[in-house]
Structures are given as structure tokens and as C-alpha cells.
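Okay, structure first, notes after.
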Amino acid sequence: MSFALNLPKLSFAGVGAIEDAVAVLNQQPIKKVLIVTDKNLIKLGLLDKLTQELTSYSIEYVIYDEVTPNPTVTLVRNGLKKFQAEECDCFIAVGGGSPVDCAKAIRVVASNEGDICEFNGVGKVTNPGAFFIAINTTAGTAAEMTSNSVITDEENKVKMVIIDGKQIPDIAVNDPTLMTGLPANVTAATGMDALTHAIEAYVTPGAHTLTKPTALEAIRLISKWLPVAVDNGSDIEARDNLACAQFLAGMAFNSAGLGLVHSMAHQPGATHNLPHGVCNAILLPVVSKFNAETGPEPFRAVAEAMSGNTFDLNDKQAADLAIELICNLSVRVGIPSGFSELGVTERDFDGWIDKAMQDPCLPGNPRQPSPEEVMALYKQAL
Ligand SMILES: [Fe+2]
């Protein structure tokens, strides 16, 4: 079987990306745009440049700003009603993972028969749907260029993961000027999420010649620029490099897959509503150590990318160094050292093990753990 590299048709990165994306949109035969976002981003003025550009081209738009973190089935259904009632024929998502995922899901149900719950899983989407621009406002999830959306089915208390290349936006936009207002703790968490994407995508057996270089470059850029952006959020060079880094990490993991860090991190994220990037950052050194015990080789390149140096070390020593560098970066950007600092206790782990073992990210891990090993890893991360 060949390797599939899934990407948006077009991506704009850098200052001016929004203007360039709207100029392309203006060439499309569209009548009215549904902008999917949240109220906070409007308050922060992050839609101003977009709406000015749309107005300058006389492109009609209407805003759906109801999106909340962990978007729900109800939000998707309400968004569909608005899309249809307003007779829209195009989507622009503005935000991090939540608005972008919500827009992906609304677009699916706007152009395919059935309720959003019927699309849970892999490859269930038939029609890609309306023209779609995703404008990223954080440097972490890479949702603006990936093929999955995560929607909470609040009735059945299930986090659905809809995975289909047809969900990839037509245009991905990364304009660093939208990211300068992100607080330091969010910058740190989203940056460590992107680092986790890159490292998991590099060490997975699913890694390919087409994805390994982008993963390593993401690791290099995040190691260099994340501390700079955490110290000075308005450093546009740091923001630009981090936006590119998370996009590169997205290029890698969207096609190569993720691993045990994500499958374990999804559980405290769901039960304690902890930031996804923080959960990943806490688990990344613990799981990397576990993976390196049976396969240290790929961690040499991780250590080299993180430090910018090559080392006269054996594989085991190089892997140990990579794990030390990950821990150092976490401390440097202010990530908590363990889950106990976030209100988690050992009693919480029992409910997490089965779900972590069934998580769709687990098969991508280079070493398949037993439930007992997952429990031991959670304990190490406490
Ligand atoms: Fe992630």
C-alpha cells in the first residue's frame, strides 16, 4: 500500500496571510460566508482584519459565534441551521481547534445526508462540501490543516473523532499577528502540544520519508522559539516560527499518526477538563522513556533537533538526553511537573486505563503497552 500525504489545497503563512486568502476567496463562485468562531475572539478583535477584507470585496458574511471549548453535537446542529437559514455556501473558521473542528463538522452535515453522529469514525464522509478557509489563532493543534474533528456527543457522553481527508480545509491560514495576544500559559501549552505531535509522528512506525523531515524541523523550531514566545508574546518572529512549526508537525502527524502520549492525555482532558497541551507535556517524557526502553534509535534525532548538536553517544544515552531536553523545555516554559499539581489523584486512574487502551491514537505508538503498564505510566506522571 502506498503512503498518503494529506494536505490543504493551499496554505498561507506569515503576515498578510488573511488578505491573501480572502483575495483567493474572491475568485470563487460563492454568495455568502458562514464565519464560525467564538465570542471571545470577536471581543479580542481577531476577526477585524477578516471582516474588513470581506467587506472590501463586497463578500457577504454572517457570523456563528456560539462555539465553546470541546464543541458539541448541539453546536454543530445549530450551526447547520444557521448555514441553511442564511443560505450560505462557504465556511470560514477563525480560532484554535474548537471553532475549526466545529466548522469542519457543520460542513460535513451541510453536504452529506445524516446527523453528525453518523460520521463518527474513519472515512464516513462522501462529499467534501462547501469551500472552506480555516484561520488559525493558536500555534498547537494544526486543526486548520488536518483531516479530523473532535465533537462531543453530550447525550451519550462520548467524544467523537471524525477522521476523513475530505474534512481538510481548502485553504489553511497562519497569520502570526493573530497570535501575539495569546497568554504565556496558553502559548506554552499549545507549543508543547505541537512538540508532542512532532515527536510522536517521528517515532511512530507510521513515520515516512515524507513526514520525518517536517517532524524534525517542527521539533527544532519549537525548541528554539517557544521560550522566546512565552517570554515575549508580541515577538512576531517567534510567533511566525511557532505557527510554521505547528503546521509542519501537522503535516507529519496528520499522515503518520500519533501515539500513547495522546491516547493517555485524552483522559485527564475529558474528566478534569485539563488543557490538552499540558496533559501531553506532562506525559511526553514519561511515555518517551517507555518507548525508548525497546526502541531508543529515533530519539537520537529528537535530541539533535532539540539541541542543534550531534552527540558521540550510544542510542540509549541519546534517548536519555532527548528525554532530559523535553523535561528542561517543559520547566522552562512553566508546565506543571505532574498531574497532582492539577488536582488529579491516583483514584482517577482506574477510569482512564480502558479508555486510553481503546483510544484511536494508541495503535500508532511504537510499543504497545498492557493496561498495567499504562497504569504505571500514569503513576509516574502524577
Ligand atoms: Fe494534540
Side-chain angles (χ1 to χ4, degrees), residues 6 69-71 95-102 104 134 136-152 159-163 167-168 172 174 179 182 185-204 206-207 211 214-215 218-219 221-222 226 242-288 291 302 326 329-330 333 335-336 339 342 352 355-356 359-365 381:
N6 260 321
N70 301 315
S98 298
V100 176
D101 280 8
C102 194
K104 283 176 179 170
N136 186 21
T137 59
T138 65
T141 65
E144 80 284 3
M145 56 83 65
T146 59
S147 49
N148 59 295
S149 60
V150 182
I151 302 295
T152 302
K159 261 198 171 184
M160 302 189 298
V161 184
I162 302 163
I163 303 171
Q167 285 197 113
I168 295 178
N174 276 285
M179 299 165 187
L182 279 178
N185 63 330
V186 178
T187 302
T190 52
M192 292 303 289
D193 182 29
L195 180 72
T196 308
H197 294 157
I199 293 178
E200 292 214 282
Y202 188 76
V203 305
T204 177
T211 60
T214 66
I219 294 167
L221 289 171
I222 294 163
L226 186 58
L242 286 175
C244 290
Q246 65 91 42
F247 187 95
L248 289 166
M251 285 175 72
F253 88 81
N254 192 49
S255 298
L258 291 169
L260 180 58
V261 181
H262 269 77
S263 53
M264 288 180 69
H266 287 152
Q267 315 321 320
T271 60
H272 288 61
N273 210 19
L274 299 178
H276 173 66
V278 172
C279 297
N280 276 329
I282 290 171
L283 287 160
L284 182 58
V286 173
V287 171
S288 295
N291 287 336
V302 172
I326 294 166
L329 182 61
S330 260
V333 300
I335 298 289
F339 285 121
L342 303 166
W352 297 354
K355 287 181 179 144
D359 189 279
C361 293
L362 183 60
N365 201 61

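Order of listing sets the numbers, starting from 1, for every ligand and every atom in it.
For the pair Leu342 and Ile282, the minimum side-chain heavy-atom distance is below 4.5 Å. Side-chain atoms of Val100 and Asn136, non-hydrogen and from C-beta on, never get closer than 4.5 Å to each other. By the 4.5 Å heavy-atom criterion applied to side chains, Asn148 and Ile162 are not counted as neighbours.
For the residue pair Ser255 / Asn6, no side-chain donor-acceptor distance below 3.5 Å is found, with atom types taken as modelled.
For residues 244-253, the side-chain hydrogen bond (donor to acceptor under 3.5 Å, both in side chains) pairs, not counting sequence neighbours, are Glu144-Gln246, Asn174-Gln246.
The two residues Cys361 and Ser263 make their nearest non-hydrogen contact at CB-N, 4.0 Å.
Taking a cut-off of 2.8 Å, the protein N, O or S atoms nearer than that to the Fe ion (ligand 1) are Asp193 OD1, His197 NE2, His262 NE2, His276 NE2.
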